[in-house]
**Q** 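Below you'll find the structure I mean.
Counting starts at 1 for both ligands and their atoms, in listed order. Bear in mind that the values here come from a model prediction, so they are computed numbers and not experimental data.
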Amino acid sequence: MSQASKSDRKELYPVGEQPPLGHVPAQMHAWLVRAARFGEPLQAFQEEVVPTPTLADDEVLVYVMAAGVNYNNVWAGLGVPVDVIAARQKAGEPEDFHIGGSDAAGIVYQVGARVKNVKVGDEVVIHCGSWNQQAPGVQAGIDPMYDSSFRIWGYETNYGSFAQFTRVQDHQCLPKPKHLAWEQAAAYMLVGATAYRMLYNWGQHALRSDDVVLVWGGAGGLGSMAIQIVRAAGAKAIAVVSSDDKFEYCQSLGAVGCINRNHFDHWGMLPHWKDAVGYAEWMKGVRKFGKAIWDALGERRSPRIVFEHPGEYTIPTSIFVCDTGGMVVICAGTTGYNATVDLRYLWMRQKRLQGSHFANDVQAKGINDLVIAGKVDPCLSRTFPWVELPLSHQLMYENKHPYGNMGILVGATALGTGATASEPVESVAPAAIPTERRHFFRAQVHTPIPLPERPAVTDLDTTTVRELMHYGVITVSAETPLPEVGRRMTDYRIHAIVVVDAAGYALGLVSQTDLVLARQGRALAEMAEVKAGEIMTRKLISCTPGATLSDAITLMTRNRIHRLVVVDERRGKPWPVGILSMTDVINFSLGGLMEEEEEGAGIIMPEEVYEPTPPRPSKMTAPAAEGQKGDEVARARDVMHYGVITCQPDTPVSVVAQRMLKYGVSTIIVTDADGFLAGIISQTDIVLARQRRNAAEVAALLAHDILTPSVLTCHADTEVTKAITFMTRNRVHRLIVVEEREGGEWPIGVLSMTDVVRQTIAANE
Ligand code: NAP
């Protein structure tokens, strides 16, 4: 191509008309996200004309031929969990818009004064790692991925690939594999380089030939890259997928075996280590999964590397099945972020849990070389024309996109253009990519409402626990038999009881959960043989009367409890003097502001109040645990309370708090206009909303602002033991009992630990 003559030049070119090489028009077409239209991709992305960006000395302007699609720009469009525009403006960049796009292939049109590695006319692919090349750490040779200046281009930086021109740093440019069409070349770098770093960057755990590697989501973007990298190293990938129809695809990429994860049901957070029944059940599931790995491999070897990204659902399994001395390497938490680890396996078997994020230049080159050599296929599943860029993201947002990687034509005007060499000899020819997504769950992001800016000190910091606490504590001795402990808890309607010595000093605490777990595997008569001191938790979470409310709140939320024992420690031992509860804090925080609401508002089901709605008379004599003899299986319906106290998303928080206090409940169910479950608000949510706000500001918030959208539920016919394990696994004390109706989940009642204690320990003698 020749340099452009002046007469060829235009200020703006239609998309698809390539400017003369080296001529940079003043303006360009781009898909922009603006704060005013944050939302689903179809709303967030709009095509606009903006000035073409100018370059710093180490930057390169690339004419984009094709772009790749990644989930990060779904987030950018939604404006959560980070408002990328505000974040950049805070860092001093002026633009009030975001041009996303973190994968691209194109042609170099302009280079900064110091750029040496590429020149105008070079065909390049771009990796999305950018950093300050002059930063002291980077200059000293420390991995730039650890530098505070590291940013993902086209997500955390502006001027990504969803435009005719993109601005990148010189080191982000790598040679385009000549045998690939533009859209293929634009599709693999982000996921490929991420997978390469995960597998190669971690010292003694770097991938070796003959390693066994367990790859989650083998048909997905990361997984398909990982399988191919593993094959290229002469190692053995076992792919986990959600249906048998993806086996062929994963095998064509090089997986030596595949497992359908839907043949197992032990997923999610670990059962509490005290939950013997739940733990035994989990262990059965995870062992069965471990055996499936050996069967798929054809030998009894465990994976030295587990390639993780689902997160919360799979981490406990990944750590268990990982070989002694092996590594679980993780770059995402697609199913949730509260991963649980049984530390006993981690330390005894000396396993490593390693976080990993994108890649540096070395790793980007690593994957690019494998692609150039034909050892890794880009796994392009679908290409969209320029005008369908928002649609491609909308499909991703709705989980309707195909497996593999998606591309967008930008400068390229037709599919399949841009290849200038024949396929390398070793070229991989994968089977057809599965299209339909099933059993896919992406964790919701709960966006916290921003805290108001205000002086650090509020009334929560100046009020002491002494001013709010209830004086007097219900106690038992270490010798009290468990049925009596249960009776006192239900009589006094408390969730935990302090165990004291003969002089009255606190020795520990028995919670409802401790009692319920002690009931596992024991007949009621056997419960009388067990004493409070044998099951109490010795670590008493307590505060002194002089502690501030702020400190007390933090202590409660950190430990996921709703009450604190207040102790006097003047004699060197804890003397329990009272209790501070979340209810007290809510009363203090919002008490003055609550309006009288209409009778009966917000309550589903015939009964108006929660507490007086008794459980149905139970046929049950005990929760049916493994090892128990002759007991009927107890179901939630035998124990639960029918009826729930509800509000709607637009109910003011002051009314929500009022309902909590009025009905003596610690959670309020949020339902949509049709009565379906939309979320839950706990006392903790209200107390946290009060931080840095005064009462009037909290009262102005709506339920929608503070609700938790994911609600832990069970059905009326769920076995009580399973419900207990589900509660203890998730560190909650109640489940919302729902009916599946067309349109969603319909809340019909609540199953709480209190119900279980009352029915199975205290009431049945
Ligand atoms: P993807 O193409 O959507 O694939 C995700 C895979 O996860 C799917 O193939 C699915 O396979 C599997 N999966 C879904 N739910 C699962 C569950 N409950 N248990 C086990 N597997 C499940 O996404 P991707 O491009 O591979 O990216 C995966 C994650 O990594 C995303 O969250 C992405 O944002 C993140 N990511 C992070 C980085 C980084 O640098 N930190 C880079 C790239 C991507 P089956 O349904 O067949 O099991």
**Q** Any nitrogen or oxygen of Ser242 lying under 3.5 Å from a nitrogen or oxygen in ligand 1? Just yes or no.
**A** yes

**Q** Can a side-chain donor-acceptor contact be found between Gln363 and His127 if the only test is distance below 3.5 angstrom?
**A** no

**Q** Is Arg344 close enough and on-axis enough to Tyr279, meaning under 6.0 Å and within 45°, for cation-pi?
**A** yes

**Q** Does any N/O atom on Lys246 come nearer than 3.5 Å to any N/O atom on ligand 1?
**A** yes

**Q** Within a distance under 4.0 Å of any heavy atom of Thr314, pick out the atoms of ligand 1 and give their elements.
**A** 19 (N), 20 (C)

**Q** Between Lys351 and Tyr345, do the side chains contain a donor N or O and an acceptor N or O under 3.5 Å apart?
**A** no

**Q** Quick one: which of Arg261, Met145, His309 has a heavy atom closest to atom 6 (C) of ligand 1?
**A** His309

**Q** Can Asp147 and Asn132 be counted as having a side-chain donor-acceptor contact under 3.5 angstrom?
**A** no

**Q** Using the ring centroid of each side chain, check whether His401 and His393 are separated by less than 6.0 Å.
**A** no

**Q** Go through ligand 1 atom by atom and flag the ones less than 4.0 Å from a non-hydrogen atom of Thr335.
**A** 17 (C), 18 (N)

**Q** Which atoms of ligand 1 sit under 4.0 Å from any heavy atom of Thr334?
**A** 29 (C), 31 (C), 32 (O)

**Q** What about the rings of Phe289 and Trp267, do their centers lie closer together than 6.0 Å?
**A** yes

**Q** Under a 4.0 angstrom heavy-atom cut-off, which atoms of ligand 1 come close to Phe358?
**A** 39 (C), 40 (O)

**Q** Please state which part of Asn72 comes within less than 4.0 Å of ligand 1, counting heavy atoms only: side chain, backbone, both or neither.
**A** neither

**Q** Do we see a donor-acceptor contact under 3.5 Å between the side chains of Gln172 and Asp361?
**A** no

**Q** Could you state the interatomic distance from OG1 (Thr340) to CZ (Arg731), rounded to the nearest 0.5 Å?
**A** 7.0 Å

**Q** Any atoms of ligand 1 less than 4.0 Å from a non-hydrogen atom of Val191? List them with their elements.
**A** 25 (O)

**Q** Under a 4.0 angstrom heavy-atom cut-off, which atoms of ligand 1 come close to Cys331?
**A** 37 (C), 39 (C), 41 (N)

**Q** Heavy-atom contacts with Gly220 under 4.0 Å: which atoms of ligand 1 show up? List them by number with element.
**A** 2 (O), 4 (O), 9 (O)

**Q** Which atoms of ligand 1 sit under 4.0 Å from any heavy atom of Pro310?
**A** 19 (N), 20 (C), 21 (N)

**Q** Under 3.5 Å, sequence neighbours excluded: what are the donor-acceptor pairs made by side chains of residues 303-310?
**A**
| from | atom 1 | to | atom 2 | distance (Å) |
| --- | --- | --- | --- | --- |
| Arg304 | NE | Asp211 | OD1 | 2.9 |
| Arg304 | NE | Asp211 | OD2 | 3.2 |
| Arg304 | NH1 | Gln204 | O | 3.1 |
| Arg304 | NH2 | Ala206 | O | 2.9 |
| Arg304 | NH2 | Asp211 | OD2 | 3.2 |
| Glu308 | OE1 | Gly311 | N | 3.1 |
| Glu308 | OE1 | Thr314 | OG1 | 3.3 |
| Glu308 | OE2 | Thr314 | OG1 | 2.7 |
| Glu308 | OE2 | Ile315 | N | 3.4 |
| Glu308 | OE2 | Ser318 | OG | 2.7 |
| His309 | NE2 | Trp216 | O | 2.8 |

**Q** Among Ala359, Gly221, Gly355, which one puts a heavy atom closest to atom 23 (O) of ligand 1?
**A** Gly221

**Q** Determine whether the side chain, the backbone, both or neither of Trp267 has a heavy atom under 4.0 Å from any heavy atom of ligand 1.
**A** neither

**Q** Measure up the Tyr200 and Tyr196 rings against each other and bin them: parallel (under 30°), tilted (30 to 60°), perpendicular (over 60°).
**A** tilted

**Q** Compute the shortest N/O to N/O distance between His357 and ligand 1 and return yes if it is under 3.5 Å, no if not.
**A** yes

**Q** Which of these, Asn260, Ile259, Asp265, sits in a side chain to side chain contact (heavy atoms under 4.5 Å, CB included) with Asn262?
**A** Asn260

**Q** When you check the gap from the basic side-chain N to the acidic O, do Asp143 and Arg197 get nearer than 4.0 Å?
**A** yes

**Q** Below a 4.0 angstrom heavy-atom separation, can you tell me which part of Val241, side chain or backbone, both or neither, approaches ligand 1?
**A** both

**Q** Where's the contact between Leu222 and ligand 1, heavy-atom distance under 4.0 Å: side chain, backbone, both or neither?
**A** both

**Q** For Ala332, which part has a heavy atom under 4.0 Å from ligand 1: side chain, backbone, both, or neither?
**A** side chain

**Q** For ligand 1, does Leu190 get within less than 4.0 Å through its side chain, its backbone, both, or neither, judged by non-hydrogen atoms?
**A** side chain

